[in-house]
**Student:** 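Here it is, the structure in full.
Computed from a predicted structure; not experimentally measured.
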Amino acid sequence: MSEKKDTSPALKRSWFQELKSEFGKITWPSKKQIIREVIAVVVVAIIVGALIVLVDWAIDNGLGLIW
């Protein structure tokens, strides 16, 4: 019912050769693209943080009027 996995050195070597081959196919982003994306993430994080602060402030003031 269960299959025995073959862990022979040839199989491991073949797996690592395929892994190395796959790493060769990766298209890495350029430095300019990485910088642009990091700036976009930081800007979006600041905007979302500011929106959370505004909503928190509005809810706090709204509840302050009720209580």
Side-chain angles (χ1 to χ4, degrees):
M1 302 279 165
S2 65
E3 295 180 22
K4 184 178 178 185
K5 292 187 178 183
D6 186 13
T7 57
S8 66
L11 182 62
K12 288 181 182 179
R13 190 176 325 118
S14 173
W15 186 83
F16 281 111
Q17 287 173 344
E18 289 179 24
L19 181 66
K20 186 177 178 181
S21 170
E22 289 298 320
F23 266 104
K25 296 177 185 177
I26 296 173
T27 55
W28 299 101
S30 66
K31 185 175 180 178
K32 183 179 178 180
Q33 186 179 4
I34 291 173
I35 291 171
R36 192 171 61 229
E37 290 176 3
V38 166
I39 290 171
V41 168
V42 170
V43 168
V44 168
I46 290 170
I47 291 170
V48 169
L51 287 174
I52 291 171
V53 167
L54 287 173
V55 169
D56 181 54
W57 177 80
I59 291 172
D60 188 41
N61 283 338
L63 289 175
L65 292 174
I66 294 172
W67 297 104

**Student:** Would V43 end up clustered with L51 when hydrophobic side chains under 4.5 Å apart are linked, directly or stepwise?
**Tutor:**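 Looking at the clustering, L51 is in the same group as V43.
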
**Student:** Say you draw a straight line from CZ of F23 to CZ of F16; how long is it, rounded to the nearest 0.5 Å?
**Tutor:**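 So the CZ of F23 and the CZ of F16 are separated by 11.0 Å.
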
**Student:** Could I get the full list of side chain to side chain donor-acceptor pair (under 3.5 Å) partners for Q17, not counting sequence neighbours?
**Tutor:**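 If we apply the side chain to side chain donor-acceptor pair (under 3.5 Å) test to Q17, skipping adjacent residues, there are no hits.
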
**Student:** Find out if a path of hydrophobic residues (ILVMFWY) with successive side-chain heavy-atom gaps under 4.5 Å connects I52 to V44.
**Tutor:**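 In one cluster: yes.
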
**Student:** Examine I26 and W15 and state if one hydrophobic cluster contains both, with Ile, Leu, Val, Met, Phe, Trp and Tyr joined whenever side-chain heavy atoms are less than 4.5 Å apart.
**Tutor:**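 I26 and W15: one cluster.
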
**Student:** Could you state the interatomic distance from CG (N61) to CG (D56), rounded to the nearest 0.5 Å?
**Tutor:**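 Atom-to-atom, N61:CG and D56:CG are 9.5 Å apart.
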
**Student:** Give, for atom CG of L19 and atom OG of S14, the distance between the pair rounded to the nearest 0.5 Å.
**Tutor:**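 Reported value, rounded in 0.5 Å steps: 11.0 Å.
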
**Student:** Cluster question for you: counting only ILVMFWY and a side-chain heavy-atom cut-off of under 4.5 Å, with indirect links fine, are W28 and I35 together?
**Tutor:**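 Different hydrophobic clusters.
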
**Student:** Is it possible for you to say whether I47 and I39 belong to one hydrophobic cluster, with membership spreading through side-chain heavy-atom contacts below 4.5 Å?
**Tutor:**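 Yes, one cluster joins them.
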
**Student:** Distance check, rounded to the nearest 0.5 Å: D60 atom CG versus L65 atom CG?
**Tutor:**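 These two atoms lie 10.0 Å from each other.
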
**Student:** Can you list everything that forms a side chain to side chain donor-acceptor pair (under 3.5 Å) with K31? Sequence neighbours excluded, please.
**Tutor:**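 K31 satisfies side chain to side chain donor-acceptor pair (under 3.5 Å) with no residue once adjacent residues are dropped.
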
